[in-house]
Number of protein chains: 2
Amino acid sequence: MKQETRQEEIIRVAAKLFKEKGYSAVTMRDLATAMNIKAASLYNHINSKQDILESIIISIAEKFTVGMTSVLASDATCIEKLKEIIALHVEISSQNIYGMAALNHDWMHLEAQLNHYKKLRSDYENDFKTILIEGVNSGEIIDIKPDVMMFSILTTLRSLYLWIPKKEDVNLKELTNNLNEILIKGVVK
Amino acid sequence: MKQETRQEEIIRVAAKLFKEKGYSAVTMRDLATAMNIKAASLYNHINSKQDILESIIISIAEKFTVGMTSVLASDATCIEKLKEIIALHVEISSQNIYGMAALNHDWMHLEAQLNHYKKLRSDYENDFKTILIEGVNSGEIIDIKPDVMMFSILTTLRSLYLWIPKKEDVNLKELTNNLNEILIKGVVK
DNA sequence: GTCTATATGGCGATAGAC
DNA sequence: GTCTATCGCCATATAGAC
């Protein structure tokens, strides 16, 4: 395991603060206090507050892009691909609880990287929708507007970070199985 | 139709700005510019920025509480109650698109009303979970952890505000029917 | 690598003229 | 009801000593 650099530590602590109050409400003084140093000292390790936000959001967004590329490359059925996407979100969310909050809530505060982020997100949603449309065409899934299905499933998956940390006894494998059931087969018996 | 007061207009415009950038990133000068007046003039109609946030969040949270009370009072089946809750969220979200953003993203910036809000939310989630547990016990719905089912359904419903405004041709009745299908019966054919 | 001191500017909110 | 002017404070970021 590589030793965490001071820069990485700052970004990790910043993500935690961003989850609690949001990017705009967290000051460099708050971050410095959490690091037990003075605000000016932060600037020996990072260039700006904005750079911290970029590091957090873009790195996670690119993980999702890589994951989706892998899902698309498989020749699995639509339902199997959906299960792979669910597993992808559980995996990334559980390993980036704090970063997922910034990705979901603070992406609009990106500056130089805003368009890059928006393209990654838009491409991801289009790929997701394409999988659903193929499932409708092949008769695997119900013929309801793909937009509504994608919205319903994806917002649940995007909110996982809100929920995973609350249950310390949560078993990620069991959570993934439960989500497979609920999101694909519904709750009715 | 009652004429909108200047105070109500300020709160409505503020909610729209809060949706775009979040409470902390919106300044009283931004709000004044959107109202075509100077920042100081706002204070003839509102007491503080914090009061605006309280007005937006608490009024909507109380609408949900009233709606849930009505659902609990009916003697419908669990599945019917779930459908009533889905309809409640579509109704409130479509009529408070901007306010729902503040409710979801900026509740942590409440000060005096923070505990009041947290109690309303917690009670709502407990009522929701109770309905699901009754459904499991009666055999109406699958025997999966009620926490996971509630999380999955409720996060989709809480995110409706993100999605409703994007589709200008969206028919709310059709959206409600589609969500009933997807959230209760899943997407598999 | 951290500190103190500081530059520069924006913040919420108030006072008082019109 | 809106304005100009301003208060007191806090923001991000930099300079330079240690």
Side-chain angles (χ1 to χ4, degrees), chain A residues 2-58 98 101-102 105-114, chain B residues 2-58 98 101-102 105-114:
Chain A
K2 198 168 118 293
Q3 177 68 31
E4 185 182 52
T5 66
R6 199 87 168 111
Q7 186 186 67
E8 288 164 347
E9 189 185 359
I10 289 171
I11 292 170
R12 178 173 55 79
V13 172
K16 189 165 184 173
L17 296 181
F18 291 169
K19 176 170 187 287
E20 283 157 22
K21 299 203 296 177
Y23 173 75
S24 302
V26 174
T27 70
M28 296 302 275
R29 291 179 223 274
D30 292 336
L31 177 53
T33 301
M35 294 287 300
N36 285 308
I37 56 176
K38 298 292 175 183
S41 307
L42 292 168
Y43 291 88
N44 273 285
H45 308 283
I46 51 97
N47 290 322
S48 67
K49 189 185 176 189
Q50 173 69 201
D51 274 14
I52 297 174
L53 187 69
E54 283 183 4
S55 295
I56 295 169
I57 292 181
I58 300 298
Y98 302 119
H105 291 127
D106 288 320
W107 60 266
M108 73 283 284
H109 298 121
L110 286 173
E111 294 165 10
Q113 297 293 318
L114 178 60
Chain B
K2 199 170 116 292
Q3 177 69 30
E4 186 183 51
T5 67
R6 200 87 168 111
Q7 186 188 68
E8 287 164 347
E9 188 185 359
I10 289 171
I11 291 170
R12 176 174 57 79
V13 172
K16 189 164 184 172
L17 296 181
F18 291 169
K19 176 170 187 288
E20 282 157 23
K21 300 203 295 176
Y23 174 74
S24 302
V26 173
T27 71
M28 295 302 275
R29 288 166 175 81
D30 291 337
L31 177 54
T33 300
M35 294 287 300
N36 285 309
I37 55 176
K38 298 292 175 184
S41 307
L42 293 170
Y43 290 89
N44 273 285
H45 307 283
I46 53 97
N47 291 321
S48 66
K49 189 185 177 190
Q50 174 69 201
D51 274 13
I52 297 174
L53 187 68
E54 284 183 4
S55 294
I56 294 168
I57 292 180
I58 301 298
Y98 302 119
H105 289 108
D106 289 319
W107 61 265
M108 74 284 282
H109 298 120
L110 286 173
E111 294 165 11
Q113 297 292 316
L114 179 60

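Lettering of chains follows the sequences in order, A, B, ..., and the numbering in each one begins at 1.
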Q: Mind calculating the distance between NZ (B:Lys38) and C1' (C:dC18) to the nearest angstrom?
A: 16 Å
Q.
With rounding to the nearest 0.5 angstrom, report the CZ to CG distance, A:Phe18 to A:Asp30.
A. 10.0 Å
(Q) With a 4.0 Å limit, can you tell me whether A:Lys49 has a side-chain N or O closer than that to the phosphate oxygens OP1/OP2 of D:dT12? (A) yes
Q) Within the pair A:Ser41 and C:dG1, is there a side-chain N or O less than 4.0 Å away from OP1 or OP2? A) no
Q. Ignoring hydrogens and angles, are the base of C:dG12 and the side chain of B:Arg29 linked by a donor-acceptor pair under 3.5 Å?
A. yes
Q | Out of D:dA11, C:dC3, C:dG1, whichever nucleotide has its closest atom nearest the side chain of A:His45 | A | C:dG1
Q.
From the set C:dC3, D:dC3, D:dA11, return the single nucleotide nearest to any side-chain atom of A:Thr27.
A. D:dA11
Q. Any idea which heavy atoms bring B:Ile52 and B:Ala14 closest together, and the distance?
A. CG2-CB, 3.6 Å
Q. With respect to the side chain of B:Ala40, which nucleotide from C:dA15, C:dC3, C:dA13 is positioned closest?
A. C:dA15
Q: Using only side-chain N and O atoms of B:Tyr43, determine if any of them is under 4.0 Å from OP1 or OP2 of C:dA13.
A: yes
Q: Taking all non-hydrogen atoms of both residues into account, name the closest pair between A:Leu42 and A:Met28 and its distance.
A: CD1-O, 3.4 Å
Q) Quick one: CD1 on B:Ile10 to CD on B:Glu4, what's the gap to the nearest 0.5 Å? A) 10.0 Å
